Peer 1: 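Pasting a structure here, questions to come.
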Amino acid sequence: MTYDHNLPLVPFCNPTTVGFPRSPFASDSRSDPYYAAIGQRRPSPSKAPHLRNEKLRCDRNLGWSIDFATAFLAKHLDPATSPDAACDFKRLRNEAQRRFNEGRQQDLPYTCFNRLDRILFAGHLRGAVFLGVRDFNAEVSGITYSHGHYRERKHPVHRIAIILNLSVLRRVRVGGILAILIHHMIHAYFLVACGSEDEREVGYGRLAHGPHFAKIENTIRSLSGTGARPLSFDFARLQTHYPYYDEYYEPQRPRRPSKWFCSHCHFDTIDISDDEIAEYYDVACAPLLDLPEPCQKADVFVYNERHHRLDQVHRASDLATPSVDSVEFIFEDQPVQVPREYINNFLTVLRAFQRAKTRYLPIPEETSKDTFLTLLELLHTDHYTPDIRPVTIVGQNGPPVIHAVQEDSKPYLLTSIRLFKLAAELNLDDIKAIALNRLKAQCTTAEDPMTVLRELYSGGEPDPELRIWSREFLQRAPDMERLGPGVVRAGGAAAATASSPEPPNLVKLMRDMCFRERFYDLVPRFGALESDVHKVEQCLLREGVMVGSGREGSWFSGGGAGGGGGNGADQGLLGMNMGLLGVPLQAQIAGPPQMTLGMGPPMGRPMGMGVPMSRLMPGPDELERMYDDLRAERMGAFYDAGGRYEGDMGDRRWMY
């Protein structure tokens with residue numbers, strides 16, 4: 001066609017031009033960088049008016065932790081959870097391409113926002129975001145503002161604000177527009193899920209491009225690649241995909257300092273490797289999907305060393321530690337955070353978390369709060385209360401000797417036993433060793449021995465190391481340095497001469513009126529305790545202290561030597577033939593005041609913890625009556641209601 005000067009002049013990009021009309025686009029899917037800005041308009045106010053209404057208010061806060069927010073969205077985008085998400089996204093992408101080809105690319109963020117919210121973000125952003133466009137520094141794709149920190153026409157916007165860079169939107173294709181919009185929607189999602197940003201909580205990462213952000217971005221990229229080319233979130237490459245146009249780019253201006261209440265999404269954001277993202281998600285995020293709801297919230301408990309208690313704080317506060325630098329115990333369905341630097345000093349604790357392959361370790365349900373606090377105190381301070389120095393003696397070792405019970409005595413033994421059992425259940429060998437060393441270091445105790453034994457043997461078969469300590473505790477008697485001359489120590493037991501008549505712990509439990517009835521009631525309840533008591537009794541008889549002079553009044557007869565006691569080794573420490581108090585009935589009820597009972601102390605000689613024998617032991621008539629009553633009670637266990645024999649009395653078991 002030749003030039004006709006009679007035809008009117010029209011804009012070059014007018015598609016109705018007579019002659020050689022030129023489309024403003026080089027192709028249906030690629031904008032012409034030379035002419036893209038000509039004739040393009042700002043978004044129409046009629047498109048999604050609620051997104052542009054600066055007067056709407058929304059302070060939505062799901063109250064989630066940033067790790068659970070990541071896990072929730074990753075699971076939501078999983079094909080197994082949302083099988084139609086990939087197809088819906090592909091359909092949206094095709095419609096956006098059609099609008100882009102029609103020259104309506106400036107409307108795309110508004111027309112696609114709600115659908116992207118439903119497909120990718122489970123509808124959590126609806127009504128919570130203000131969306132706008134304006135010209136920024138060409139180095140940023142846009143800015144996401146926290147609640148109430150953006151002003152539109154001098155009016156504060158009381159919700160999250162996403163402001164896209166108009167100059168960048170003019171130079172990218174439809175995939176770039178969607179990628180930029182989704183990028184800022186991810187920022188908005190974390191503000192909705194975890195609450196608004198605070199100047200003291202910037203390190204928490206709501207508006208940062210950390211591993212949580214990269215995980216969501218990678219998941220969306222994978223979803224967009226179903227049946228199409230995956231979206232690219234490399235904005236530097238998106239805006240410079242025309243190398244011949246570089247000379248026309250305006251020079252980059254100096255960056256302004258980023259403010260704490262908004263994200264400055266520059267094109268040179270540091271990338272995080274896929275391995276780092278996968279490790280973060282598998283360790284910190286994925287396990288939260290199966291943990292109790294309190295573990296998914298933004299609050300966490302931390303140990304207060306000063307007041308020995310648990311304080312509830314926000315995960316973003318200065319008192320909490322970032323998830324990458326901490327671990328959490330799950331106690332009574334509540335998360336308790338411990339900095340990783342504290343557990344690095346305890347190898348088996350560190351291995352317990354490594355075996356779990358997560359940063360979460362459940363505490364057994366039967367664990368008391370005091371025991372758990374003891375564990376936390378040990379991890380934080382390398383020791384735990386109460387301090388055992390008042391019950392130790394320089395140059396001597398435990399187990400402790402039982403002294404008179406004091407109601408206000410601190411729980412030295414109970415605390416260590418409970419900590420040992422918790423460590424044994426969690427396979428924390430170094431914690432077990434610390435607790436056991438404290439048990440072995442204590443020389444005296446004023447705690448109730450019944451409470452100690454009940455705690456030790458309850459809850460199933462005790463740990464072998466704990467049972468060894470228990471037998472040593474039952475066999476324990478004052479050290480021979482305290483007993484004076486004339487004694488021989490053997491097998492951990494000690495005997496007293498007439499000048500120091502304190503017996504081993506087992507004898508005190510079986511003879512002292514303060515303990516005897518409760519001890520006889522406790523032993524049959526735990527098979528392990530009954531077995532250990534029997535072993536200690538045999539050991540004391542077989543390897544007991546031998547008094548060289550053979551004087552009357554020794555606690556042990558040593559095979560007939562010393563003051564009475566019946567048949568020596570044939571009867572055992574307390575005489576195994578009849579089982580009640582240890583010796584045959586005729587030995588218990590025969591003789592004048594100087595008769596011997598079991599291990600041979602005279603009737604008037606002090607016993608146990610310094611109480612005269614006459615105050616501890618009943619008379620002969622009462623002894624016979626007690627024996628008959630107890631024998632009848634125990635014999636009844638071998639017969640059923642009809643009088644038929646059911647048991648085997650040939651095993652010569654104890655009959656307490």
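These figures come from a predicted structure and were not determined experimentally.
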Peer 1: Do Phe100 and Ile177 come close enough that some side-chain heavy atom pair is under 4.5 Å?
Peer 2: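 Heavy-atom side-chain distance check passes, below 4.5 Å.
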
Peer 1: Indicate whether any N or O donor in one side chain lies under 3.5 Å from an N or O acceptor in the other, for Tyr281 and Glu279.
Peer 2: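 There is no such pair (donor and acceptor under 3.5 Å, judged by atom type) between the side chains of Tyr281 and Glu279.
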
Peer 1: So which atom in Tyr360 and which in Ile330 form the shortest heavy-atom distance, rounded to 0.1 Å?
Peer 2: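 Heavy atoms of Tyr360 and Ile330 come nearest at CD2-CD1, 4.2 Å.
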
Peer 1: Would you say the side-chain atoms of Thr371 and Thr374 include a donor-acceptor pair closer than 3.5 Å?
Peer 2: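 Note: Thr371 and Thr374 side chains miss the donor-acceptor criterion.
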
Peer 1: Is the His209-Phe213 ring centre distance short of 6.0 angstrom?
Peer 2: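 Yes: the rings meet the under 6.0 Å criterion.
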
Peer 1: At their closest point, which heavy atom of Thr70 faces which heavy atom of His212, and how far apart are they?
Peer 2: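 Heavy atoms of Thr70 and His212 come nearest at OG1-CB, 3.2 Å.
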
Peer 1: Do the side-chain N and O atoms of Asn94 and Arg91 include a donor-acceptor pair separated by under 3.5 angstrom?
Peer 2: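 Not at all, the side chains of Asn94 and Arg91 share no donor-acceptor pair under 3.5 Å.
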
Peer 1: Would you check if the side chain of Thr381 reaches a backbone N or O of Glu377 as a donor-acceptor pair within less than 3.5 Å?
Peer 2: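 Judged by distance alone, yes, a pair lies under 3.5 Å.
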
Peer 1: Please check: side-chain N/O of His187 versus main-chain N/O of Met185, any donor-acceptor pairing under 3.5 Å?
Peer 2: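 No.
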
Peer 1: Do you know which two heavy atoms are closest between Ser263 and Ile143, and how far apart they sit?
Peer 2: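 Looking at all heavy atoms of both residues, the closest pair is O-CG2, 3.2 Å.
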
Peer 1: Only counting residues at least two apart or in another chain, list the ones meeting ring pair (Phe, Tyr, Trp, His ring centres under 6.0 Å) with His124.
Peer 2: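 Trp64, Phe72.
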
Peer 1: Please check if any side-chain donor atom of Asp67 sits under 3.5 Å from a side-chain acceptor atom of Ser65, or the reverse.
Peer 2: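 The answer is no; no qualifying pair exists.
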
Peer 1: Do NZ/NE/NH1/NH2 and the carboxylate oxygens of Asp430 and Lys432 come within less than 4.0 Å?
Peer 2: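 So Asp430 does not pair with Lys432 through a salt bridge.
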
Peer 1: Is Asp333 reaching over with its side chain to a backbone N or O of Pro292, donor-acceptor style, under 3.5 angstrom?
Peer 2: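 Looks like no, no N/O pair under 3.5 Å.
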
Peer 1: Taking C-beta and beyond as the side chain, do Leu419 and Tyr384 meet within less than 4.5 Å on heavy atoms?
Peer 2: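 Result yes, sub-4.5 Å side-chain heavy-atom pair found.
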
Peer 1: How long is the span from the CZ atom in Arg351 to the CG atom in Asp429, to the nearest 0.5 Å?
Peer 2: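 If we round to the nearest 0.5 Å, Arg351:CZ and Asp429:CG are 9.0 Å apart.
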
Peer 1: Assess, by modelled atom type and distance only, whether the side chains of His183 and Thr144 contain a donor and an acceptor separated by less than 3.5 Å.
Peer 2: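 Absent: no donor and acceptor within the cut-off.
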
Peer 1: Should the pair Glu54-Arg159 be classified as a salt bridge under the 4.0 Å nitrogen-to-oxygen rule?
Peer 2: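 Answer for the salt bridge query: no.
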
Peer 1: What closest approach, in Å, do Tyr110 and Val133 show between heavy atoms, and which atom pair accounts for it?
Peer 2: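 It is OH-N, 4.0 Å.
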
Peer 1: Show me the donor-acceptor pairs, under 3.5 Å and distance only, between side chains in residues 194-206 and residues at least two apart or in other chains.
Peer 2:
unit_1	atom_1	unit_2	atom_2	d
Glu197	OE1	Arg206	NH1	3.0
Asp198	OD1	Arg200	N	2.9
Asp198	OD1	Arg200	NE	3.4
Glu201	OE1	Arg206	NH1	3.1
Glu201	OE1	Arg206	NH2	3.1
Tyr204	OH	Ile66	N	2.9
Arg206	NE	Cys194	O	3.2
Arg206	NE	Gly195	O	2.9
Arg206	NH2	Cys194	O	3.3

Peer 1: Main chain of Ile119, side chain of Asp88: is a donor-acceptor contact present, judged purely on distance under 3.5 Å?
Peer 2: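 No: the side chain of Asp88 does not pair with the backbone of Ile119.
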
Peer 1: Please answer whether the main-chain N or O of Arg340 pairs with a side-chain N or O of Asn344 as donor and acceptor at a distance below 3.5 Å.
Peer 2: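 Yes: the side chain of Asn344 pairs with the backbone of Arg340.
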
Peer 1: Can you check whether Tyr303 and Tyr342 have ring centres sitting under 6.0 Å from each other?
Peer 2: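 Distance test on ring centres: not under 6.0 Å, no.
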
Peer 1: For a quick test of reading the model, state the closest non-hydrogen atom pair linking Val300 to Ala320 and the distance between them.
Peer 2: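 In terms of heavy atoms, the two residues are closest at CG1-CB, 4.4 Å.
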
Peer 1: Is it true that Arg359 and Ser326 share a donor-acceptor pair across their side chains at a distance under 3.5 Å?
Peer 2: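 Distance-only check passes for Ser326 and Arg359.
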
Peer 1: For Arg60 versus Ala128, what's the shortest heavy-atom pair and its separation?
Peer 2: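 So the minimum-distance heavy-atom pair works out to NH1-CB, 3.8 Å.
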
Peer 1: Ignoring hydrogens and angles, tell me if any N or O in the side chain of Ser82 forms a donor-acceptor pair with the backbone of His76 under 3.5 Å.
Peer 2: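 Present.
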
Peer 1: Any side-chain heavy-atom pair from Leu361 and Glu328 closer than 4.5 angstrom?
Peer 2: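 Leu361 vs Glu328: side chains apart.
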
